[in-house]
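Notes follow once the structure below has been shown.
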Amino acid sequence: MDNLKLHYDVNGDDFSVAGENSSKVKKMLKQLGFSPDVIRCVAIAMYEAEINMVIHANGGFIDVDISPERVKVELQDKGPGIPDIEKAMQEGYSTASNRVRELGFGAGMGLPNMKKYTDELNISTEIGKGTLVELIVNVK
Amino acid sequence: MKLSDVREILSAEVLTGEELLDKEVHSACGCDLMSDVLAFVKDRALLLTGLMNPQVIRTAEMMDIETVIFVRGKKPDEAIIGMAKMKDIIVMTTDYPLYIAAGMLYKAGLGNV
């Protein structure tokens with residue numbers, strides 16, 4: 001069986017629809033019969049990453065690659081890049097604006113959450129160009 | 001505890017999901033920070049919050065939270081209620097503030113996450 005591939009564009013200007021793609025993927029995984037654990041891990045990690053794309057990085061696009069063994073989500077943004085990934089991985093560290101905090105995010109839990117809910121988290125970032133986040137959840 | 005009990009304890013108004021109040025809830029979380037909800041809520045829980053935007057409903061969806069209760073008399077707009085309805089998420093509003101609402105449910109035997 002070929003892997004199922006999905007592609008989504010993420011609008012960087014509209015916070016109210018941020019996360020809608022994660023919602024679609026969650027539904028799709030449910031229809032495909034993945035276990036609730038796998039679905040939950042993918043949904044939460046992807047949602048955090050999608051929110052990040054909107055609040056920090058002017059949007060971008062998402063590619064999802066689903067196989068019976070694992071779910072891989074790649075998120076490519078057009079943002080400023082992450083100057084210090086090690087710092088960004090620390091719980092509580094955030095560069096988010098007050099506006100973002102008022103919306104309930106920007107608590108410095110985004111990347112730590114992505115790590116917590118995935119088996120593999122790869123980040124490649126280039127200052128001024130953007131960031132590529134790769135999330136992999138294995139099916140146990 | 002049944003959601004109908006939760007409604008009674010908090011004198012809450014149900015904005016969507018009236019037909020789902022027979023469902024049981026085992027834990028609750030009071031939080032305005034969605035990042036923390038995503039990090040710490042473990043089981044299917046009820047969310048009490050004073051935050052009011054569509055991401056509250058979407059966070060609930062991701063966490064399999066079936067009930068969201070807005071505190072301090074806050075009423076979400078039609079867009080938020082419509083979104084919750086589509087996702088089968090029950091939405092209530094109570095006049096009690098977050099601390100009091102959480103205390104009342106805890107005292108009535110609803111555990112934490």
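Here the structure is a predicted model, which means the values were calculated and not measured. Naming convention: chains lettered A, B, ... in sequence-line order (proteins, then strands); numbering from 1 in each chain.
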* **Main-chain N/O of Met62(B) paired with Arg40(A) side-chain donor or acceptor, under 3.5 Å** => no

* To do: Please check if atom CD in Glu24(B) has more than 12 non-hydrogen atoms from other residues, nucleotides or ligands closer than 6.0 Å.
  => yes

* Is it the side chain or the backbone of Asn53(B) that comes within 4.5 Å of chain A heavy atoms, both, or neither? -> side chain

* Contacting region of Glu20(A) [heavy-atom separation from chain B under 4.5 Å] -> both

* Structure fact -> Rounding to 0.5 Å, atoms CG (Leu103(A)) and CG (Asp32(B)) come to a distance of 12.0 Å

* To do: For Lys140(A), look at atom NZ and say whether over 12 heavy atoms of other residues, nucleotides or ligands are found less than 6.0 Å away.
  => yes

* Asked: Considering all heavy atoms of both residues, which atom of Ser35(B) and which atom of Met109(A) are nearest to each other, and what is their separation?
  -> CB-CB, 3.9 Å

* Any link between Ile57(B) and Met52(B) through a network of hydrophobic side chains (Ile, Leu, Val, Met, Phe, Trp, Tyr) touching at under 4.5 Å? -> yes

* **Which of Ala18(A), Ala43(A), Ala107(A) touches chain B most, by non-hydrogen pairs under 4.5 Å** => Ala18(A)

* **Donor-acceptor contact present, side-chain Gln55(B) to main-chain Phe15(A), <3.5 Å** => yes

* Asked: Same hydrophobic cluster for Leu135(A) and Met28(A), using side-chain heavy-atom links shorter than 4.5 Å among ILVMFWY?
  -> yes

* To do: Answer with yes or no whether the hydrophobic clustering places Ile80(B) together with Leu33(B); edges join I, L, V, M, F, W, Y residues whose side-chain heavy atoms lie under 4.5 Å apart.
  => no

* In sequence, state the C-alpha distance, the side-chain angles, and the governing distance for Lys116(A) and Leu38(B), and then conclude on side chain to side chain contact (heavy atoms under 4.5 Å, CB included). => CA-CA 11 Å; Lys116(A) 178 174 166 185; Leu38(B) 290 164; over 6 Å; no

* Asked: Given that the side chain runs from C-beta out, which part of Phe105(A) has a heavy atom under 4.5 Å from chain B: side chain, backbone, both or neither?
  -> both

* Under 4.5 Å between side-chain heavy atoms, hopping through other hydrophobics if needed: is there a path connecting Leu132(A) to Ile123(A)? -> no

* Can you say whether Ile51(A) sits under 4.5 Å from chain B via the side chain, the backbone, both, or neither, judging by heavy atoms? -> side chain

* Asked: What pair of heavy atoms forms the shortest contact from Arg58(B) to Val17(A), and how long is it?
  -> NH1-C, 3.5 Å

* Asked: Should the heavy atoms of other residues, nucleotides or ligands under 6.0 Å from NZ of Lys75(B) be counted, would the total exceed 12?
  -> no

* To do: Following the transitive rule for hydrophobic clusters with a side-chain heavy-atom cut-off under 4.5 Å over Ile, Leu, Val, Met, Phe, Trp and Tyr, establish whether Tyr47(A) and Phe61(A) coincide in one cluster.
  => no

* Structure fact -> Under 4.5 Å to a heavy atom of chain A? For Thr49(B) that would be neither

* Is there a donor-acceptor pair under 3.5 Å between the side chain of Lys87(B) and the backbone N or O of Ser23(A)? -> no

